[in-house]
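Quick note on labels: first sequence line is chain A, next is B, and so on, each numbered from 1.
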Amino acid sequence: SVQAHKEEDNPQKTMEVNGLTPVPGSYDYDLIVIGGGSGGLAAAKEAAKYEKKVMVLDFVTPTPQGSSWGLGGTCVNVGCIPKKLMHQAALLGQALQDSRKFGWQFTEEVKHNWMTMTESVQNYIGSLNWGYRVALRDKKVTYENAYGEFVGPHTIKATNKKGIEKLYTAERFIIATGERPRYLGIPGDKEYCVSSDDLFSLPYCPGKTLVVGASYVALECAGFLAGLGLDVTVMVRSILLRGFDQDMANRIGEFMEEHGVNFIREFVPIKVEQVEEGTPGILKVTAKSTAGDQMIEGEYNTVLLAIGRDPCTRKIGLDKVGVNINEKTGKIPVNDEEQTNVPYIYAIGDILQDKLELTPVAIQAGRLLVRRLYAGATTKCDYVNVPTTVFTPLEYGACGYSEETAVEKFGEENIEVYHSHFWPLEWTVPSRDNNKCYAKIICHIQDNERVIGFHVLGPNAGEVTQGFAAAIKCGLTKEQLDSTVGIHPVCAEV
Amino acid sequence: GKNEYDLLVIGGGSGGLACAKEAAQFGRKVAVVDYVEPSPQGTTWGLGGTCVNVGCIPKKLMHQAALLGSALKDAQHYGWNISQPVHHTWSVMAQGVQNYVKSLNWGHRVQLQEKKVKYFNIKGSFSDPHTVRGLTKAGKETVVTADNIVIATGGRPKYPMDVAGALEYGITSDDLFWLKESPGKTLTPFVFNVSLECAGFLTGIGLDTTVMMRSVPLRGFDQASHISKKKQICFTTQQQMASLVTEHMESYGTKFLKRCFPTKVEKLKSSRLQVTWKNADLDTEETDSFDTVMWAVGRAPDTKTLNLETVGVKTNSETGKIIVDASEATSVPHIYAVGDITEGRPELTPTAIAAGKLLAQRLFGHSSELMDYDNVPTTVFTPLEYGCVGLSEEAAVQRHGSDNIEVYHAYYKPLEFTVAERDATQCYMKMVCLREREQRILGLHFIGPNAGEVIQGFALGIKCGATYPQMMKTVGIHPTCAEEVTKLHITKRSGLDATVTGC
């Protein structure tokens, strides 16, 4: 690894930090990025292009179960990448079934080996971690695997795995520390439960799993675990996919239920106990109804908590430099230039208040911010009409308003919803569901019937949605949609 | 006297049925005549036209069967224990596909009935500008008169006239999808998107397949119809993309005999076929035996038996296609034409459907909207799919000059290929833009999995006049292949390495 510290320069810095403001022009770095994830790395690499002296501090506090990982952040290690690969493994399981109807013959019994899959996925992730290390080195960005926290104006303390502390100063800082999964705060949660931080590197098959939560993380994980042949139950406190179009959310849930995922609705776990040790062992979960006094119990090999994520902002010394955070959520409010209330401190990515928690958004924000800081650019990150996809067994792609939000903002009489079920051609021969795939667009009548919301439920939803997002960015209207010829036969033509 | 129908449609395919059903919506009296002349090998099929019976639908399903073969290989990397060897049985696939197609034939019959469109299974020909007569299969003569007539008889595959034995021993796409038994070791001369797609899925299901090409791949229109420059489908003359597609097929297992053309086909005692061809490069004659020879040398418009001369409908002397104006009108008042039969139009189902619908709306619905044939997206369903919309790079250069266009490109690797250890060498995309201020996008080309799904939405963007800056402002969906389109930034002009590096 690459080191470039200056501990020999100012020995007194280590001791007299409080009240001493370093002199501008004598900073160690032009920019220090705290957090080597999607946003942080993108910003750091961009800054290096403008010949700035940049440092990235990245550190992963191990999970309660002891899981940890390398450079790259959530997306690469415990998010988008392993999630999509395991989702793909599950889709391939379905493809195996389909293929028989298309003439392929092989033994009846096909089993899935968790270790084979996880090893392949982890190997690929390892190559990405390595790739990032090399990229930073090539671009002459200093990287330290150390926990960064502010100790005073323009000054940060970096503590590595061995506990060694170093101080660094910089003209500007970008906080991109992201989030970590939330725990329930009930007996047994940290001792016995796992989160998405552990799942993708679990060194044993999770077996019969209870997934607690109704976020997209919960549903995506439940989805692929079921697709790999495991017995999966999802415990939901109230609604599915809060914040998403509820009609689509319910269709996703319905599909999953019809395809082997059990749902326990309106219950929350109140304790988790170990019945048997092992990899996996057996856990007993006691849950209480949210609608009354009813209590239920269940035994599972694994309990996966996916109830939300909390920003890593509480323990990075923000109070020492006066950066405001939302006390309740931990999120950092910024202006439209990603600047916090402290002028030389910026923030990007999942920790931002009222912004989308998506890798491409963080990357875009990071790059544009750096261009504004060092290249005289003025373009701000456009957070409007950002497309997204939920990789549940039946994928859901969306861009723009949900139906509820559109009605709320414009009024029911001012919007028109066009919708259609469709049957992917590839599903016909293997006789798969003919009434589950669905698409709808929401149009704003007075504004030339402009398309303000796009929703599709079906295979390859991400690939389908991307182009529509570009079109919506161009101000797509219903008329233009109608006059565009379809490609036949594909799902997107619907 | 008064004509029996408001509208008669000759040809129950994509364009014809769309037009008929739309006209019926306006409460008009509509009739459709459809008839399938059996192929030289005797193959025939039901209502629905080429797309449904011997085109898009069975092609995509068999392409899917081949893709599933790849999925089976991938699955093992993802932890699925499948015992080797894995076999493919043609008859199981063919039956599944054929049953589905038959359900569509049935569906069309029911739809016509529900919409009160009269259907005649007769081979119609003109006896005067408002009268069509024909014989049913049983030999009974039927006469239909109408105020307006739409010709939508489509096309049929051509046979090479200069190859002895071509007609007797070879088959075409008309027959391939209806074979009950596996075609076995197959040769498919020459090269059009049809033969590449078919060769692709035949290879994918494990058959020994050879493509014979006289010159360059996907240069589809030197022997068949001439498409005017304005209406070119994006993949014509798109050399770079065609090369990548065939390169992939080669690494996938399809054999290519380049710069060769067949001279004769003979039947052997074993009932296999012996094909003799000339190798233009080596100037030698070569020979090999195959189970099946499938010709894909272009399609000819199905106008021979219509009796067009009697009523004066003008056709293009070279291509035989019916000449129409922007409103789909022929040289004879009240006679129109849509779909593959029309000169200068893309041979695609969605354009035929759209044109047919709009025509009905203009005839009976007081609309004046004409069909827009610009920026029609399409996809070639080869093993590694190629989707595109707008101009090819060559066409853009021709129209605007190479100094006025910028080509952004990238080689990328689909995430799903990583664990599966699949070769992504030919996964590639490029965006052709004008260089001047706005940087409007002229064309987008994508090679990779699910190319059709990727391109469709972008086609909408191009219809809206999308520019390069707008594309860059669009945030990507992660992780997908399509997101790479929103990240294109390396230009061909720069000469820099266009390989996408991590996120």
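Judged by distance alone, with hydrogens and angles left aside, the side-chain atoms of A:Glu463 form a donor-acceptor pair with the main-chain N or O of B:Cys481 at under 3.5 Å. Judged by distance alone, the side chain of A:Gln105 and the main-chain N or O of B:Thr89 form no donor-acceptor pair under 3.5 Å. Side chain of A:Gln466 to backbone of B:Val475: a donor-acceptor contact under 3.5 angstrom is found. Proximity of a side-chain donor or acceptor of B:His478 to a complementary backbone N or O of A:Val361 within less than 3.5 Å is not detected. A distance-only check finds no donor-acceptor pair linking the side chain of A:His488 to the backbone of B:Thr351 [under 3.5 Å].
Highest contact tally toward chain B, considering only A:Thr116, A:Leu481, A:Val110, A:Leu425, is held by A:Leu425 [criterion: heavy-atom pairs under 4.5 Å]. Across A:Ala42, A:Pro387, A:Ala90, A:Ser127, the residue that shares the most heavy-atom pairs under 4.5 angstrom with chain B is A:Pro387. Interface check for chain B: of the options A:Gly93, A:Cys381, A:Gly229, A:Gly475, the most heavy-atom pairs under 4.5 Å are formed by A:Gly93. Ranked by heavy-atom pairs shorter than 4.5 Å toward chain A, the options B:Thr418, B:Asp372, B:Thr349 are led by B:Thr418. When A:Gly462, A:Gly397, A:Ala470 are compared by the number of non-hydrogen pairs under 4.5 Å with chain B, A:Ala470 comes out ahead. Contact tally against chain A (heavy-atom pairs below 4.5 Å) for B:Ser91, B:Gly69, B:Cys51: the top residue is B:Gly69. Put simply, of A:Thr118, A:Thr389, A:Leu91, the one with the most heavy-atom pairs under 4.5 Å next to chain B is A:Thr389. Ranked by heavy-atom pairs shorter than 4.5 Å toward chain A, the options B:Pro479, B:Ala75, B:Gly96 are led by B:Pro479. Chosen from B:Ala354, B:Gly452, B:Cys464, the residue pairing most often with chain A at heavy-atom distances under 4.5 Å is B:Cys464. Across B:Gly461, B:Gly206, B:Ala65, the residue that shares the most heavy-atom pairs under 4.5 angstrom with chain A is B:Ala65. Of the listed residues A:Tyr124, A:Phe106, A:Tyr383, the one with more heavy-atom pairs under 4.5 angstrom with chain B than any other is A:Tyr124.
A:Ala95 approaches B:Ala71 most closely through the heavy-atom pair CB-CB, 4.2 Å. Scanning all heavy atoms of the two residues, the minimum distance from A:Thr484 to B:Gln456 falls at CG2-NE2, 4.3 Å. Listed here is the closest heavy atom pair of B:Glu453 and A:Ala492: OE1-N, 2.7 Å. In terms of heavy-atom proximity, B:Tyr100 sits nearest to A:Val429 at CB-CG2, 4.5 Å. Between B:Ala466 and A:Cys474, the shortest heavy-atom distance links the atoms CB-SG, 3.4 Å. Nearest heavy atom pair, residue A:Ser99 against residue B:Leu68, reads CA-CD1, 3.7 Å.
Considering only heavy atoms from C-beta on, A:Val485 stays 4.5 Å or farther from B:Tyr373 through its side chain. Using a 4.5 Å cut-off on side-chain heavy atoms (C-beta onward), B:Ile82 and A:Thr107 make no contact. Here the side chains of B:Phe381 and A:Val490 are in contact, with some heavy-atom distance below 4.5 Å. With a 4.5 Å cut-off on side-chain heavy atoms, B:Val92 and A:Lys101 do not count as touching. Looking only at side-chain heavy atoms (C-beta outward), B:Ile205 and A:Trp104 come within less than 4.5 Å of each other. A heavy-atom distance below 4.5 Å is not found between the side chains of A:Lys473 and B:Met471. Under the 4.5 Å side-chain criterion, counting only non-hydrogen atoms from C-beta, A:Ile487 is not in contact with B:Val389.
The distance from atom NE2 of A:His112 to atom CG of B:Asn81, rounded to the nearest 0.5 Å, is 8.5 Å. Within the model, atoms SG of A:Cys399 and CD1 of B:Ile477 stand 7.5 Å from one another, a figure rounded to the nearest 0.5 Å. Within the model, atoms CG of A:Leu92 and CH2 of B:Trp80 stand 8.5 Å from one another, a figure rounded to the nearest 0.5 Å. Atom CD of A:Gln88 and atom CG of B:Leu415 lie 8.0 Å apart (nearest 0.5 Å). Going from atom OG1 of A:Thr428 over to atom CG of B:Leu104 covers 8.0 Å, rounded to the nearest 0.5 Å.
With a threshold of 4.5 angstrom between heavy atoms, A:Gln364 approaches chain B through side-chain atoms but not through N, CA, C or O. Residue B:Val454 touches chain A through both its backbone and its side chain, counting heavy-atom pairs closer than 4.5 Å. Within the 4.5 angstrom heavy-atom criterion, only backbone atoms of B:His77 (N, CA, C, O) approach chain A. With a 4.5 Å cut-off on non-hydrogen atoms, B:Leu67 does not touch chain A at all. B:Ile353 does not touch chain A: none of its heavy atoms, backbone or side chain, sits under 4.5 Å away. Heavy atoms of B:Met371 lying under 4.5 Å from chain A belong exclusively to its side chain. At a 4.5 Å heavy-atom cutoff, B:Glu421 makes no contact with chain A through either its backbone or its side chain. In this structure, the portions of A:Ser483 lying under 4.5 Å from any heavy atom of chain B include both its backbone and its side chain. Contacts between A:Ile472 and chain B at a heavy-atom distance below 4.5 Å are absent for every atom of the residue.
Taking a 6.0 Å sphere around CD of B:Gln76, one finds it holds more than 12 heavy atoms contributed by other residues, nucleotides or ligands. Surrounding CD of A:Gln122 are more than 12 heavy atoms belonging to other residues, nucleotides or ligands, all under 6.0 Å away. Other residues, nucleotides and ligands place no more than 12 heavy atoms under 6.0 Å from the CZ atom of B:Arg440. At most 12 heavy atoms of other shown residues, nucleotides or ligands fall within 6.0 angstrom of atom NZ in B:Lys357.
For the side chain to side chain contact (heavy atoms under 4.5 Å, CB included) criterion with B:Lys473, the lone passing option out of A:Asp382, A:Asn385, A:Val384 is A:Asp382.
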